[in-house]
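Quick notes on the structure that follows.
Values below: every heavy atom of this structure, side chains too, minus hydrogens, waters and symmetry copies. Please read all numbers here as calculations on a predicted model, not as lab measurements.
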Amino acid sequence: MINQYYRTIVFIIFTSMIATGQNEEKIEKKIDSILSQLTLKEKVAMCHAQSKFSTPGVPRLGIPELWMSDGPHGVRAEINWDDWGYANWTNDSITAFPALTCLASTFNPNLAKAYGVSVGEEARYRKKDVLLGPGVNIYRTPLNGRNFEYMGEDPYLASKLVVPYIQGVQKNGVAACVKHYVLNNQEKWRDHINVEVSDRALHEIYLPAFKASVQEAKVWSIMSAYNKFRDQYCSHNELLINKILKTDWGFDGAVITDWGAAHDTYEAAMYGLDIEMGTGTDGLGVTTANHYDYYFLASPFLKLLKSGNVEEAVVNDKVRRILRLMYRTSMNPNRSFGRMNNKEHHDVARKVATEGIVLLKNENQCFPIADTADITIAVIGENATRSLTKGGGSSELKPKFEISPLEGLKKRFKNAKIIHAMGYASGPSAYDKVLPSEWDADSLKKEAINVAKEANLVLFFGGLNKSHLQDCEGDDRRAFELPFGQGALLQDIAAVNNNIGMILLTGNAVDMPWIDQVNGLIQGWYLGTMGGAALADVISGDVNPSGKLPFSFPAKLKDNAAHYFGELSYPGDGVNQYYKEDILVGYRWHDTKKIPPLFAFGEGLSYTSFDLSNFKIDKKSYSNGEQITVSGEVSNTGEVSGAEVIQVYIGKQKSKVKRALKELKGFKKVVVENGMTASVNIVVDVNSLAFYDADIADWNLEKGKYVMHIGNASNRISQTIKFEIK
């Protein structure tokens, strides 16, 4: 038994090594020394939960616990030790940052870094070691209840934004835990659905953001998905974890289950799972089966090790990864204390929100709105006052405050008259059930129509919320259209006031049969603590909108690729589902199949106008390993300054394999003063033009002619340039 003196000396040596920046090789040797001192039982204990959100340390060796918290839009309120109830602390209120769909809409990696730093500081202040986020599952269907937590439909965009986010979080000595690895693209049947997808689509569409998280951001932990892939659960999947993640990509961190996603002791042991969380217990049951010691990687794992059916080297690898994670987090003496709810975080939240808001329609100069005494604005809609940080599942937040759209408008518009009516109502937020509203729908509608009659302008705050069967974990939406009678209400309002500006607060695309009845349309997302202030910034014109859609809005649900192929493609038959669209996800599908979307990927308007001109590349022929430098000019031809996102797409002519017409390979957000012109340079890696060749199980850069498409949306291309790869 190691004595107290030796424990102290060991801890000082460990921590001083980190403090003095000793190299990783020496740290690995010290981990070896720890492994030699741990009992088999202690090793196994480190591989599974001791509470809802923590794993045990080893007190006799001074090894601390590991504490986790849900994210990724903020640090979740404190949960009870053994059940899912909130602990009702009075000091766990935080800053709610905009949902990741909003961050993706900024097309701004610098903001992603600021976002990550800020949320990491708040996690550190709350003494969390692992923040369970960000999410980078690809937007495949607009019915997925959890799309609002992710970064859109394009793997390149998601990759470019997730890397700085992770780096920002981990700067604080808090591990990001990128999720959900992989193919968790729907909530319906997520706990058992078996996904069948080609190797090519897997590597080209669904894995790139995870790969970038590992190889570029050096993420310290990864959360596995609930679903199966090729009949093996993703939490212990030989191909996904052992082969791709840990061997091919060289991931040196820990794989953590989603809560309750482990299913088998032998597979969990042998196929890459390191830490098991949330397996079907509350820790307080009257039977031994309902206890943390009976997780798959607990007593059953220990039994396999003692019997020799699993070698001790297997648990040693898991513990090595866990200790490595601890060195970076809970055993890192150089971590800051963190910060929470400070002005800088609120400013970052507001900046992300304003840059992510997308202006989609603006006829008759609906926006911006002048603050004058001769205007009456009718603010209609439950989402103008409803909290949109509550609900949604594990991403639910407890902000110190939340500025509603109505509050934000009233604070900004001091001269205009603002009148309000609820108009429609949903029930209270609920995770696993639909609760009825206490309001009378007819009375609400009548009030809204009367208010609309009095106004010069109607601002309709509609969309979804984070209750069950909407934008919420646990299941998918049941319908593409707006709920709670919003469509019919819009028609009735349009009959008495034809000057309507629609503000959609959603994390998903919705059906818009009413689009011709509104003059203006803003996609507003879930904007968190500073949401109402950010919306007022854009609506008033204090901020010129520059957000771009990170996913396509189909004109009708059948136009979406996942739905085009019928139920076996989405949602599956309850056992299996087949990604029949293969690599043609999102705009790739719309472009290649010539099915126009209602609003395209990358689309977003401004209060000014831009002209893209004189774009060229540095030469006409390239080889493997080279970079293409794209240069050109962006002129602001309008009356106000603003930001434009230049987007570079590339397609292959006469390819020997099926390809999308074009794919995003570069982008840059540029601020240009009115009347001025800015130069732009975008670099594209030639190797990024390779396709995944299943015949050789590797990437293949095809020779021949390519076409570069330069524009400010996937459907708004200003210039094309041809070049060749030799």
**Study point:** Salt bridge K243-D248, side-chain N to carboxylate O under 4.0 Å
**Key:** yes

Exercise for review: Would you mind reporting whether C472 and S467 have side-chain heavy atoms less than 4.5 Å apart?
Suggested key: no

Point to revise | Test log, rule side-chain hydrogen bond (donor to acceptor under 3.5 Å, both in side chains), inputs Y139 and N508 | key: CA-CA 9 Å; Y139 187 111; N508 260 312; 3.2 Å; yes

Point to revise | Considering all heavy atoms, the nearest N316-K43 contact | key: OD1-NZ, 2.8 Å

Point to revise | Whether Q186 side chain and P571 backbone form a donor-acceptor pair below 3.5 Å | key: yes

Review point. Quick one: does N237's side chain have a donor or acceptor within less than 3.5 Å of a partner on L240's backbone?
Key: yes

Practice item. Spell out, as yes or no, whether a donor-acceptor pair under 3.5 Å connects the side chain of K179 to the backbone of V136. Key: no

Point to revise | Chi angles and distances behind the salt bridge (charged side-chain N to carboxylate O under 4.0 Å, His left out) call for K171, E121 | key: CA-CA 9 Å; K171 181 180 179 182; E121 286 180 340; over 6 Å; no

Review point. In this structure, are over 12 heavy atoms from other groups packed under 6.0 Å from K390 atom NZ?
Key: no

Check your understanding: Quick one: do the N172 and Q170 side chains pair a donor with an acceptor below 3.5 Å?
Key -> no

Check your understanding: Atom OG1 in T141, atom CZ in R477: separation rounded to 0.5 Å?
Key -> 8.5 Å

Check your understanding: Take atom OH in Y266; do more than 12 heavy atoms of anything else shown fall under 6.0 Å from it?
Key -> no

Review point. With the threshold set at 4.0 Å, does a side-chain nitrogen-carboxylate oxygen contact exist between R320 and E28?
Key: yes

Practice item. Applying side-chain hydrogen bond (donor to acceptor under 3.5 Å, both in side chains), run through E196 and N194 and close with a yes or a no. Key: CA-CA 7 Å; E196 296 290 343; N194 177 55; 3.0 Å; yes

Review point. What about the rings of W220 and Y327, do their centers lie closer together than 6.0 Å?
Key: no

**Study point:** Any donor-acceptor N/O pair, N227 side chain to I193 backbone, under 3.5 Å
**Key:** no

Check your understanding: Parallel, tilted or perpendicular: which describes the rings of F97 and Y115, with under 30° parallel and over 60° perpendicular?
Key -> tilted

Practice item. Find out whether L100 and Y150 are in side-chain contact, i.e. whether some heavy atom of one side chain is under 4.5 Å from a heavy atom of the other. Key: no

Exercise for review: Salt-bridge test for R140 and E581: reply yes if a basic N is under 4.0 Å from a carboxylate O, no otherwise.
Suggested key: yes

Check your understanding: Aromatic rings Y692 and H203: how do their planes relate, parallel, tilted or perpendicular, breaks at 30° and 60°?
Key -> parallel

Practice item. With K246 as the cation and F251 as the aromatic partner, state whether NZ or CZ is under 6.0 Å from the six-membered ring centre and within 45° of the axis. Key: no

Practice item. State, yes or no, whether a side-chain contact exists between Y578 and V197 at a heavy-atom distance under 4.5 Å. Key: no

Check your understanding: Judged by modelled atom types alone, do R146 and S394 share a side-chain donor-acceptor pair under 3.5 Å?
Key -> yes

Exercise for review: Can you measure from CG (L302) to OG1 (T265) and round to the nearest 0.5 angstrom?
Suggested key: 11.0 Å

Exercise for review: Using only heavy-atom distances, determine whether the side chains of D582 and S198 contain a donor-acceptor pair under 3.5 Å.
Suggested key: yes

Check your understanding: Any luck finding a side-chain donor-acceptor pair between S36 and S33 under 3.5 Å?
Key -> no

Exercise for review: For side-chain hydrogen bond (donor to acceptor under 3.5 Å, both in side chains), just list the numbers for Q167 and E216, CA-CA rounded to whole Å, side-chain angles, deciding distance to a tenth of an Å, and then say yes or no.
Suggested key: CA-CA 9 Å; Q167 292 170 336; E216 297 177 44; over 6 Å; no

Check your understanding: Do D471 and Y526 have a side chain donor and acceptor closer than 3.5 Å?
Key -> yes

Review point. Salt bridge or not for R335 and D129, using N-O below 4.0 Å?
Key: yes

Check your understanding: Is there side-chain contact between K218 and V214, with at least one heavy-atom pair below 4.5 Å?
Key -> no

Review point. So, the side chain of R124 versus the backbone of V174: is there a donor-acceptor pair under 3.5 Å, distance only?
Key: no

**Study point:** Partner of D70 by side-chain contact (heavy atoms from CB on, under 4.5 Å), out of K128, R76, E396
**Key:** R76

Check your understanding: Quick check: does any side chain N or O of D573 sit under 3.5 Å from a backbone N or O of N576, one acting as donor and the other as acceptor?
Key -> yes

Check your understanding: Would R190 and E473 pass as an ion pair if we require N to O under 4.0 Å?
Key -> yes

Revision key, fill the gap. One should read off an interatomic distance between D274 CG and L297 CG, to the nearest 0.5 angstrom, of 8.5 Å

Review point. Are Y226 and W189 close enough that their ring centres sit under 6.0 Å apart?
Key: no

Point to revise | Side-chain donor-acceptor contact under 3.5 Å, N185 with Y579 | key: yes

Review point. So, do S69 and V130 sit near enough that their side-chain heavy atoms are less than 4.5 Å apart?
Key: no

Exercise for review: Report, as yes or no, whether the 6.0 Å neighbourhood of atom CZ on F691 holds more than 12 heavy atoms from other residues, nucleotides or ligands.
Suggested key: yes

Check your understanding: Have Q50 and E65 got a donor and an acceptor in their side chains that come within less than 3.5 Å?
Key -> yes

Exercise for review: Taking the side chain as every heavy atom from C-beta outward, state whether H263 and S235 have any pair of such atoms under 4.5 Å apart.
Suggested key: no

Practice item. Assert yes or no for the condition that the ring centre distance of H236 to Y271 is strictly below 6.0 Å. Key: no

Practice item. Kindly determine whether D293 and K41 satisfy salt bridge (charged side-chain N to carboxylate O under 4.0 Å, His left out), including the steps that lead there. Key: CA-CA 11 Å; D293 287 343; K41 187 175 182 180; over 6 Å; no

Review point. Between N137 and N184, do the side chains contain an N or O donor and an N or O acceptor separated by less than 3.5 Å?
Key: no

Check your understanding: Side chains of Q37 and E42: do they bring a donor and an acceptor to under 3.5 Å?
Key -> no

Check your understanding: Does the side chain of E78 reach to within under 4.5 Å of the side chain of R126, using non-hydrogen atoms?
Key -> yes

Check your understanding: Does K113 make a cation-pi contact with Y165 (under 6.0 Å, within 45 degrees of the axis)?
Key -> no

